[in-house]
Amino acid sequence: MIKILVADDEGYEREILAEILDQRFGRDVEVRMVENGRLAVDAAALWAADVALLDIEMPGINGIDAARQIQAQRPECKIIFVTAYSLFTYAHEAVKLGACDYILKPVDPNDVEQAVRRASAQADAQRQLEAMASNGELLEMDSYDKTNLLMGKVKKYLQHNYMLYDISLDSVSAILNLNPSYFSSLFKRTFQVNFLDYLTELRMDAAKALLRDPLRSTAEVASMVGYESANYFTRAFKKKVGMTPTDYRRNAARDRAGGMS
């Protein structure tokens, strides 16, 4: 069962989110509601929340500050921001804090479900990697089956966490308690591509999908796929895709218009 914390100073908004979670997940989730950031920080730690849906604009301790404190006390808790404002600064801050997503008000039930499922998948992927390391399953990596099992879990972890700024070969090898050079060789031997190229491919595929939304700026897309610098993202995108994000967006819009005619 997934423990989901809902924090919003508006009672009506809390009830809406709780109702959506009940309709979409039923007995698979347990929901607790609080009305401010201070209570959210305390509840996340004491109740051991798996996911926290935080309204950004709460008075006192807002959602951003609450997320920072929750992450400091319970880093495994996945954060989803809820906001009435579609601002790049929020998306950027969300990714910096390791948040899974941010949802716009009025909330769409499909957006809530998608965000919670993504958060749960992130948490599950990390738990599986940590469990393998802590259980000593990686001690005999000369075993073909164990190597494949490990790489399968690493692949799943990357697919759900590619948007994190600090994800790297070193960070993943640290989770696994493996030497980075050894892990790098295992990765390349399994996937026939190095770690950074594989991660870049995941990020660019996600960026292509996001760029099809005309309301998202290039800077916002960059932030949402794990790049702190929009300029660096643009260079990486052009190198990988063969055109700038702006050109890709323009071509995608032209293709959509052609398909409608």
Side-chain angles (χ1 to χ4, degrees), residues 2-22 24 29-120 122-123 126 161 163-167 210 213 215-217 219-230:
I2 304 168
K3 292 183 175 181
I4 303 179
L5 177 68
V6 175
D8 196 308
D9 60 304
E10 297 288 341
Y12 177 67
E13 299 287 355
R14 294 196 300 272
E15 294 295 339
I16 288 177
L17 285 167
E19 184 176 349
I20 292 170
L21 292 169
D22 180 61
R24 296 300 175 99
V29 303
E30 181 181 355
V31 179
R32 178 167 295 188
M33 296 183 287
V34 296
E35 62 268 23
N36 60 56
R38 168 51 58 200
L39 291 175
V41 172
D42 293 341
L46 296 174
W47 185 54
D50 298 305
V51 179
L53 280 78
L54 305 176
D55 176 38
I56 289 182
E57 297 300 316
M58 291 184 288
I61 297 179
N62 64 27
I64 297 288
D65 291 336
R68 288 196 186 96
Q69 294 183 43
I70 289 171
Q71 290 285 281
Q73 296 182 51
R74 185 171 170 76
E76 62 269 37
C77 180
K78 300 304 176 182
I79 305 295
I80 300 169
F81 287 122
V82 185
T83 175
Y85 304 96
S86 179
L87 294 177
F88 163 65
T89 51
Y90 285 158
H92 186 72
E93 195 66 27
V95 179
K96 283 179 67 177
L97 288 167
C100 302
D101 214 333
Y102 76 105
I103 303 169
L104 292 179
K105 294 181 179 181
V107 295
D108 181 307
N110 291 329
D111 290 343
V112 175
E113 179 181 1
Q114 185 180 56
V116 170
R117 291 196 185 282
R118 184 182 299 116
S120 300
Q122 276 192 2
Q126 181 153 344
N161 292 278
M163 73 292 298
L164 302 181
Y165 287 163
D166 59 353
I167 194 168
L210 291 167
D213 181 352
L215 299 179
R216 294 190 190 278
S217 68
E220 183 176 359
V221 171
S223 184
M224 294 177 73
V225 298
Y227 291 91
E228 290 191 86
S229 166

Participant: Can K105 and V82 be said to form a side chain to side chain contact (heavy atoms under 4.5 Å, CB included), step by step?
Facilitator: CA-CA 7 Å; K105 294 181 179 181; V82 185; 3.6 Å; yes

Participant: Examine distances only and state if a side-chain atom of Q71 and a backbone atom of C77 form a donor-acceptor pair shorter than 3.5 Å.
Facilitator: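 Side chain of Q71 to backbone of C77: a pair is present.
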
Participant: Can you name the residues that form a salt bridge (charged side-chain N to carboxylate O under 4.0 Å, His left out) with R14, not counting sequence neighbours?
Facilitator: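 With sequence neighbours excluded, R14 shows a salt bridge (charged side-chain N to carboxylate O under 4.0 Å, His left out) to no residue whatsoever.
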
Participant: In the structure I gave you, are the side-chain heavy atoms of M224 and L210 within less than 4.5 Å of one another anywhere?
Facilitator: yes

Participant: Which residues satisfy the side-chain contact (heavy atoms from CB on, under 4.5 Å) test with L39, sequence neighbours excluded?
Facilitator: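 With sequence neighbours excluded, L39 shows a side-chain contact (heavy atoms from CB on, under 4.5 Å) to V34, E35, N36, given in chain and number order.
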
Participant: If the test is side chain to side chain contact (heavy atoms under 4.5 Å, CB included), which one of I2, L21, V31, L5 qualifies with V51?
Facilitator: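 It is I2; the other options fail the test.
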
Participant: Any chance you could measure I4, atom CD1, to W47, atom CH2, to the nearest 0.5 Å?
Facilitator: 7.5 Å

Participant: Applying side chain to side chain contact (heavy atoms under 4.5 Å, CB included), run through I80 and Y102 and close with a yes or a no.
Facilitator: CA-CA 5 Å; I80 300 169; Y102 76 105; 6.0 Å; no

Participant: Please tell me if the side chains of E228 and S223 come closer than 4.5 Å, counting only heavy atoms from C-beta onward.
Facilitator: no

Participant: How far apart are the closest heavy atoms of A40 and I70, and which atoms are they?
Facilitator: O-CD1, 4.0 Å

Participant: If I take atom CG from residue D8 and atom CD1 from residue I56, how far apart are they, to the nearest 0.5 angstrom?
Facilitator: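 Here the interatomic distance stands at 11.0 Å.
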
Participant: Under the salt bridge (charged side-chain N to carboxylate O under 4.0 Å, His left out) definition, can you give me all pairs with a residue in residues 66-77, not counting sequence neighbours?
Facilitator: D50-R74, D65-R68, R68-E93, R74-E76

Participant: What is the minimum heavy-atom distance between I79 and A67, and which atoms define it?
Facilitator: CG2-CB, 4.1 Å

